[in-house]
Amino acid sequence: MDTSEARNRKVTAVEKFDLEVPETAHQISSDSWFQVSFVLTTGINSAYVLGYSGTVMVPLGWIGGVIGLLLATGISLYANSLVAKLHEFGGKRHIRYRDLAGFIYGKKMYRVTWGLQYVNLFMINCGFIILAGSALKAVYVLFRDDSLMKLPHFIAIAGVVCALFAIGIPHLSALGIWLGVSTVLSIVYIVVAIVLSAKDGVNKPERDYTIQGSSINKLFTITGAAANLVFAFNTGMLPEIQATVKQPVVKNMMKALYFQFTVGVLPMYAVTFIGYWAYGSSTSTYLLNSVSGPVWVKALANICAFLQSVISLHIFASPTYEYMDTKYGVKGSPLALKNLLFRTVARGSYLAVSTLLSALLPFLGDFMSLTGAISTFPLTFILANHMYLVAMNDKLSLVQKLWHWLNVCVFGLMSLAAAIAAVRLISVDSKNFHVFADV
């Protein structure tokens with residue numbers, strides 16, 4: 001099947017529940033596994049990595065943080081592999097997460113999965129806008145200390161830049177060279193964060209690694225950190241990414257996943273552990289706010305973090321863009337005036353709402369916890385295990401079935417506990433800070 005045929009292929013109605021899945025306006029089966037692995041690695045080493053020292057290691061400490069990250073890596077690879085292996089289940093290409101869930105469960109679950117995924121990606125994108133705004137603010141305060149511009153202003157600027165980028169890049173496969181640019185940007189801010197943190201750590205031999213707070217506060221922060229762990233490794237849009245990979249799609253996607261969870265996680269590990277080693281329990285939720293060093297170096301790292309956040313947001317917003325483009329029949333050249341105007345209105349509106357919410361409640365760590373709890377846990381762990389259990393029921397032994405049910409139950413309880421903890425964190429922060437806070 002050539003690229004043109006793959007792009008225009010119609011995913012037919014699923015007779016089981018009489019639901020027609022519309023053909024996609026975006027490209028499918030056009031990318032190598034290596035390009036897809038960079039899409040995945042871009043997500044895992046986005047500017048979010050600058051927050052894990054403060055949002056994962058500080059609440060969990062050395063033992064909990066290291067063991068938690070290693071466990072989350074292995075469990076996430078396993079769960080994503082289950083979803084990847086179901087991509088051609090039943091003799092059909094399931095190019096969207098909701099398509100796969102709908103084929104296995106029925107029409108109702110199609111809608112539930114789409115709702116969960118939309119919430120997941122929307123909140124991830126709000127986090128990217130907060131990150132981008134925080135990076136711009138960090139550059140500003142390096143050169144001016146007048147407090148004339150505050151975080152909400154920079155979040156608004158970040159939203160505009162994200163919208164311009166979204167209008168210019170029509171679909172996920174069109175990122176092309178931007179994935180290479182994203183990798184370079186990630187290397188810059190990760191290397192700067194590691195080097196400056198290591199320097200500060202050597203010059204500051206005394207630091208406190210104890211988990212701060214009362215017993216009840218520790219319980220909630222540790223639970224919230226567990227949600228941050230799963231947030232760190234999972235996209236919640238694996239079928240959409242897998243849709244872009246060339247045949248054989250399962251084999252190539254597994255190659256991409258192995259790359260992501262081996263080579264791809266190393267930079268994230270390094271910056272997370274070294275950042276916590278350097279500053280201990282005082283580590284900021286945005287590591288570049290903790291480091292000391294030449295102003296120009298810190299400014300460069302923050303600018304790179306800003307630009308990389310713009311690219312990463314586009315990846316996580318692509319399922320929403322694909323839905324809008326397909327629903328409203330976008331066809332022809334991406335540069336056609338009609339298509340440009342459509343992307344300007346549709347994507348601009350989506351990002352305007354995202355930017356407004358980001359500026360309203362700019363609590364990055366809380367966003368990560370809540371996203372992990374209410375959407376990443378269900379999509380990546382609960383749904384993945386149960387879908388595989390239902391789809392492969394006749395081929396699984398009793399032990400394998402019990403194993404998948406155990407995963408469903410354990411991650412269900414963790415999701416509930418993490419959601420309660422995240423809501424509490426947001427409630428506390430909302431009392432401590434007013435809306436449109438300059439945090």
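Every value quoted in this text rests on a predicted model; they were computed, and no experiment measured them.
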Would M57 and Y52 satisfy side chain to side chain contact (heavy atoms under 4.5 Å, CB included), going step by step from the backbone distance to the final call?
CA-CA 7 Å; M57 297 301 295; Y52 297 148; over 6 Å; no
L379 vs T113 side-chain heavy atoms within contact, under 4.5 Å:
yes
Measure the shortest side-chain to side-chain distance between M109 and V112 over non-hydrogen atoms and say whether it is less than 4.5 angstrom.
yes
Mutual orientation of the aromatic rings belonging to F38 and F34 [parallel < 30°, tilted 30-60°, perpendicular > 60°]:
perpendicular
Describe, in one word, how the ring planes of F316 and F128 are oriented to each other, choosing from parallel (under 30°), tilted (30 to 60°) and perpendicular (over 60°).
tilted
Using modelled atom types and a 3.5 Å cut-off, is there a donor and acceptor pairing between side-chain atoms of R98 and backbone atoms of Y110?
no
Looking at CG of L288 and CG of L50, how far apart are the two atoms once the value is rounded to the nearest 0.5 Å?
5.0 Å
Hey, is the main chain of S32 close enough, under 3.5 Å, to the side chain of N252 for a donor-acceptor pair?
no
Parallel, tilted or perpendicular, judged at 30° and 60°: which one describes the rings of Y118 and Y350?
perpendicular
Here's one to test your reading of the geometry: is the NZ or CZ of R343 within 45 degrees of the ring axis of Y321 and under 6.0 Å from its centre?
no
Would you find a donor on one side and an acceptor on the other, under 3.5 Å apart, between the side chain of Q260 and the backbone of I44?
no
Backbone of C126 reached by a side-chain donor or acceptor of S358 within 3.5 Å
yes
For Y258, the side-chain hydrogen bond (donor to acceptor under 3.5 Å, both in side chains) test, sequence neighbours excluded, returns none
Does the Y48 side chain pair with the main chain of I124, one donor and one acceptor, at a distance under 3.5 Å?
yes
Can you find a heavy atom in the side chain of Y279 that is under 4.5 Å from one in the side chain of V291?
yes
Answer yes if the side chains of Y78 and N407 hold a donor-acceptor pair under 3.5 Å, and no otherwise.
no
Out of curiosity, S318 OG to L121 CG, how far, rounded to the nearest 0.5 Å?
7.5 Å
Look at the rings of H94 and F89 and say which category their plane angle falls in: under 30° parallel, 30 to 60° tilted, over 60° perpendicular.
tilted
Is there a side-chain contact between F411 and T380 (heavy atoms, below 4.5 Å)?
no
Are more than 12 heavy atoms, taken from residues, nucleotides or ligands other than W178, located less than 6.0 Å from that residue's CH2 atom?
no
Donor-acceptor check, side chain of Q308 to backbone of A47, threshold 3.5 angstrom: yes or no?
yes
Would you check if the side chain of T272 reaches a backbone N or O of M268 as a donor-acceptor pair within less than 3.5 Å?
yes
Qualifying residues under salt bridge (charged side-chain N to carboxylate O under 4.0 Å, His left out), relative to D146, sequence neighbours excluded:
R144
Quickly, which of T344, L341, L351, V345 forms a side-chain contact (heavy atoms from CB on, under 4.5 Å) with I167? Name it, please.
T344
Could you tell me whether the side chain of I95 reaches within less than 4.5 Å of the side chain of Q242, counting heavy atoms only?
no
Taking side chain as C-beta onward, heavy atoms only, is F259 less than 4.5 Å from L40?
no
Please say whether more than 12 non-hydrogen atoms of neighbouring residues, nucleotides or ligands are located less than 6.0 Å from CG in L266.
yes
Do K255 and S37 touch side chain to side chain, with heavy atoms closer than 4.5 Å?
no
Would Y97 and W114 satisfy ring-ring contact (aromatic ring centres under 6.0 Å, His included), going step by step from the backbone distance to the final call?
CA-CA 7 Å; Y97 213 128; W114 178 220; over 10 Å; no
Taking the side chain as every heavy atom from C-beta outward, state whether H386 and Y105 have any pair of such atoms under 4.5 Å apart.
yes
